[in-house]
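Atoms within each ligand, like the ligands themselves, are counted from 1 in listed order. Quick note: residue numbers are just sequence positions, from 1.
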Amino acid sequence: MLRPDQYQRAGELLSRGDLVVIPTETVYGLGASALASAAIGAVFDAKERPRDNPLIVHVGELAAALDLVPPDLGLTRRILETYAPGPITVILPAPAWAVPEVRGGLPTIAVRVPSPEITRKAIIAAGVPVAAPSANRSGRPSPTTVAMAIEEMDGRVAAILDGGPCTVGIESTIVDARSDREVVILRPGRITAAEIARDLGCVVRLRDAEDVPTPGTRYRHYTPRVPVVLVPADELDAARKEAKRLPAWTELSLQRFGDFATYEENLYRAFWDAERAGHAVILAELPPEGSAEGLTDRLRRAAVGEYRRGELGRFVGGRFFG
Ligand code: AMP
Ligand code: MG
């Protein structure tokens, strides 16, 4: 374990080709030098991740990200200038140093500048760009606390840099603006399509079947062992009444968290807590259509279905309902 003030040591280990778990504002990342094929191979092994699913490359400062943007990609440049450091990832033509293992064989790379200062200092100390997928084993929740990161990666990495709980709590918004005319959202996140359209005054759309898919979305997403049931706000009371027949259950709602950003921040940790507590079901309030699109995306991927009155037992199984 490295304390927050030991970021320099994290950088030394990374520059040597060792694996280091690093904090980011989104989720904890499993970091390795993006220049070292062997280190990247070790990342895929530690995560048990399919090799054609490429990694996001993290750089320590905005200027380093801008250096990778070709002159004709003005819109991509403006996105970085507006949101980086922050929870945004841009797709760029791959520079010569990007080893094929990082790109998953694609001619492009995904690049981002994480917010936490200790993480940026660790990357700068490493002196190399750092590939860092979420620090979970494939099929597990992305860690958003150091306790979760330890459970996932203890014994598989040289060090874990403690940065406290993640403040965003879901993975970054991934955008492709290489057309230079519009922004295509490949993966929704905290920074929303509406926000980008407003801030940049450009067309923003969610990716459709025609777009190059973001390879990760082909793979099965994490679903907690405790079934997640989506509940529209106006059905929450009815769902609660049914859930009261269960020994113990988790509720994720505006009433519990106060706002959707806090809900998002605590989402994966709440999944993890529910598993450890052995709860029967997670009732998850669905944000209204068109709001909190990152949270909605992760909830839909995690869920077994949507609540219908009198049918909660369908999801929970015969264990609790006769
Ligand atoms: P993770 O690091 O676990 O959050 O996953 C990284 C995500 O970024 C995956 O969904 C990848 O498929 C996606 N990604 C990484 N590189 C690229 C790229 N060059 N083009 C499109 N998507 C990418
Ligand atoms: Mg991941």
Notebook entry, point to check: N/O to N/O below 3.5 Å, does that happen between Lys47 and ligand 1?
Noted result: no
Going by the 4.0 angstrom heavy-atom rule, the piece of Val27 near ligand 1 is neither
Using side-chain heavy atoms (C-beta onward) and a distance below 4.5 Å, is Val228 in contact with Phe271? yes
The option among His58, Arg49, Glu171, Arg103 carrying the non-hydrogen atom nearest to atom 3 (O) of ligand 1 is Arg49
Honestly, for Thr108 the part within reach of ligand 1 (heavy atoms, under 4.0 Å) is both
One finds that the ligand 1 atoms under 4.0 Å from a non-hydrogen atom of Leu106 are 18 (C), 19 (N), 20 (N)
Taken in chain and number order and not counting sequence neighbours, the residues that satisfy side chain to side chain donor-acceptor pair (under 3.5 Å) with Thr192 are none
Quick test of your reading of the model: are Arg240 and Asp237 salt-bridged, counting only N-O distances below 4.0 Å? yes
Would you be so kind as to tabulate the donor-acceptor pairs closer than 3.5 Å made by side chains of residues 92-107, with sequence neighbours excluded?
{"from": "Glu101", "atom 1": "OE1", "to": "Ser37", "atom 2": "OG", "distance (Å)": "3.2"}
{"from": "Arg103", "atom 1": "NE", "to": "Ala98", "atom 2": "O", "distance (Å)": "3.0"}
{"from": "Arg103", "atom 1": "NH1", "to": "Leu106", "atom 2": "O", "distance (Å)": "2.7"}

Ligand 1 to Ile109, heavy atom cutoff 4.0 Å, flagged ligand atoms 19 (N)
So the atoms of ligand 1 within less than 4.0 Å of a heavy atom of Ile174 turn out to be 7 (C), 8 (O), 13 (C)
Any carboxylate oxygen within less than 4.0 angstrom of a Lys/Arg side-chain nitrogen, looking at Glu12 and Arg9? yes
Note: heavy atom closest to atom 17 (C) of ligand 1, options Pro54, Ala131, Pro93, Pro133, belongs to Pro54
Sequence neighbours excluded, the answer for side chain to side chain donor-acceptor pair (under 3.5 Å) partners of Glu182 is Arg205
Pair Arg120-Ser115, side-chain donor/acceptor within less than 3.5 Å:
no
| request: Decide whether Glu251 and Ser253 meet the rule of one side-chain donor and one side-chain acceptor closer than 3.5 Å. | output: yes
Protein N/O/S atoms closer than 2.8 Å to the Mg ion (ligand 2) number 1
At under 4.0 Å between heavy atoms, what of Asn53 touches ligand 1? The answer is side chain
I'd like to know if the side chain of Ser134 pairs up with that of Glu171 as donor and acceptor (distance under 3.5 Å, no hydrogens or angles considered). no
Above 12 or not: heavy atoms from other molecules or residues under 6.0 Å from CD of Glu117?
no
